[in-house]
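Before any comments, here is the structure.
Scope of the values below: all heavy atoms of this structure, side chains included, with no hydrogens, waters or symmetry mates. All chains are named by letter (A, B, ...) in the order of the sequence lines, taking the proteins before the strands, and each is independently numbered beginning at 1.
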There are 2 protein chains.
Amino acid sequence: MPRWEVGSEERLKEAAMELFEEQGFENTSTIQIAGLAGVTNRTFFRYFFDKPEVLFSDSERLRAALVEGIRSAPSTLTPLETVAHALAEFDWRSLGSRESQRRRRAVIDSSPGLLERDLIKQHTMAQDFVEALLERGVDADIARLATGVGICVFTTAYDQWIHADADIALSEISESVRATLATIVGPS
Amino acid sequence: MPRWEVGSEERLKEAAMELFEEQGFENTSTIQIAGLAGVTNRTFFRYFFDKPEVLFSDSERLRAALVEGIRSAPSTLTPLETVAHALAEFDWRSLGSRESQRRRRAVIDSSPGLLERDLIKQHTMAQDFVEALLERGVDADIARLATGVGICVFTTAYDQWIHADADIALSEISESVRATLATIVGPS
């Protein structure tokens, strides 16, 4: 790799975030992103399949880690606990500071094109969770419900975490959302 | 409206379903759909904004009815019951026979382009549910959780309903999925 390309991927990601925030995702071209990062447009496409992917470069690693978390969860856990456990075990700070994750989330929510990409990735991930639960012998309907509910609890907690004023642990927020869920669903 | 156009919308929808099933969504053009329905391509675009929309023509009516169902639900219901109530009140058979809904679902699941459209519509609908719950004075996190969980329960029940051998009532299946949910979440 020529020396001028060292750190290109990170620079492209930062340049993209800045431009998406300034002028919107739809109004930003990969040529502009590459320009701001000081590389060619061709280099952009060496790192990213298309424009949205510059914001989703961690999603394959995330997906694989979470599915592995479900596979390797203690067999004593209930299906919902298994999903919660996998989500809690992942090091969310490895995706960047809370501020950068908050900025990324705001950019995604502001663009239909990015939101679509995000939704399809979440959907694929949920299907993989269901598969991993089935492999553990969980009944199909229970696997679907536990995945749906588990992801719903997590995204509520994650959203609170990235927007929290103080630096509270995500696991703590998740616990509190799970307690809220129990009150919503009520006794069986 | 000239006489040859009477029933065009229905014919276009049926033609699209047939072609999507036979040769796939991506391999089917609006010209082919219009051709099979015996109308011009221009007529296709008078009824539908683009190719995917031919499968989503009921979604605005559905969205409006469900949001109205949340608004008008008895105030004694809990947030989750409110969502369940709105989904249970809707006449799902008005979207077509169970068989046609099962066929539609299979076509959507087989195409990334259609799945994306479906996910974005579900997401918008969920946001509208949250808004409607907020208007009823529900706390924001509880509104999000109740919407997420309520939709998750419903889609599990809906999927069982369209695939059931016998013609069981959707409301009955929903009740049973809600009971399963309670066992998954456990006592508060």
Neighbourhood of chain B inside [range], taking heavy atoms under 4.5 Å as contact:
range: residues 114-152 of chain A; result: A:Leu115, A:Glu116, A:Leu119, A:Ile120, A:His123, A:Asp141, A:Ile142, A:Arg144, A:Leu145, A:Ala146, A:Gly148, A:Val149, A:Cys152
range: residues 12-31 of chain A; result: none
range: residues 72-110 of chain A; result: A:Leu80

Handout entry: Any side-chain heavy-atom pair of A:Phe48 and A:Glu9 under 4.5 Å
Key =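 A side-chain contact exists here, since the closest heavy-atom pair is under 4.5 Å.
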Exercise for the section: Write down the atom of A:Leu170, the atom of A:Phe154, and the distance for their closest heavy-atom approach. Expected result: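 Taking A:Leu170 first and A:Phe154 second, the nearest heavy atoms are CD2-CE1, 3.8 Å.
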Handout entry: Closest heavy-atom pair and its distance - A:Val54, A:Lys51
Key =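 Of all heavy-atom pairs spanning A:Val54 and A:Lys51, the closest is CG1-O, 3.0 Å.
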Problem - Partner residues of B:Phe56 under the ring-ring contact (aromatic ring centres under 6.0 Å, His included) criterion, sequence neighbours left out - result: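 Listed in chain order: nothing, the list is empty.
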Practice task
Verify side-chain contact (heavy atoms from CB on, under 4.5 Å) between A:Asp159 and A:His163, making sure each step is shown before the conclusion.
Solution key: CA-CA 6 Å; A:Asp159 201 59; A:His163 289 102; 3.5 Å; yes
Problem - Donor-acceptor under 3.5 Å (A:Thr180 side chain, A:Ser176 main chain) - result: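 Yes, A:Thr180 side chain to A:Ser176 backbone: donor-acceptor pair under 3.5 Å.
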Practice task
Determine yes or no for a side-chain-to-main-chain donor-acceptor pair under 3.5 angstrom, with B:Asn41 supplying the side chain and B:Phe44 the backbone.
Solution key: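 Not at all, since once roles are kept as given, no pair shorter than 3.5 Å links the two residues.
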Problem - Nearest-0.5 Å distance that lies between atom OG in B:Ser174 and atom CH2 in B:Trp161 - result: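 Answer for the OG-CH2 pair, B:Ser174 versus B:Trp161, is 10.0 Å.
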Exercise for the section: For B:Thr43 and B:Thr40, test the side chains for any donor-to-acceptor distance below 3.5 angstrom and give the result as yes or no. Expected result: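 A pair is found: one side chain offers a donor N or O, the other an acceptor, under 3.5 Å apart.
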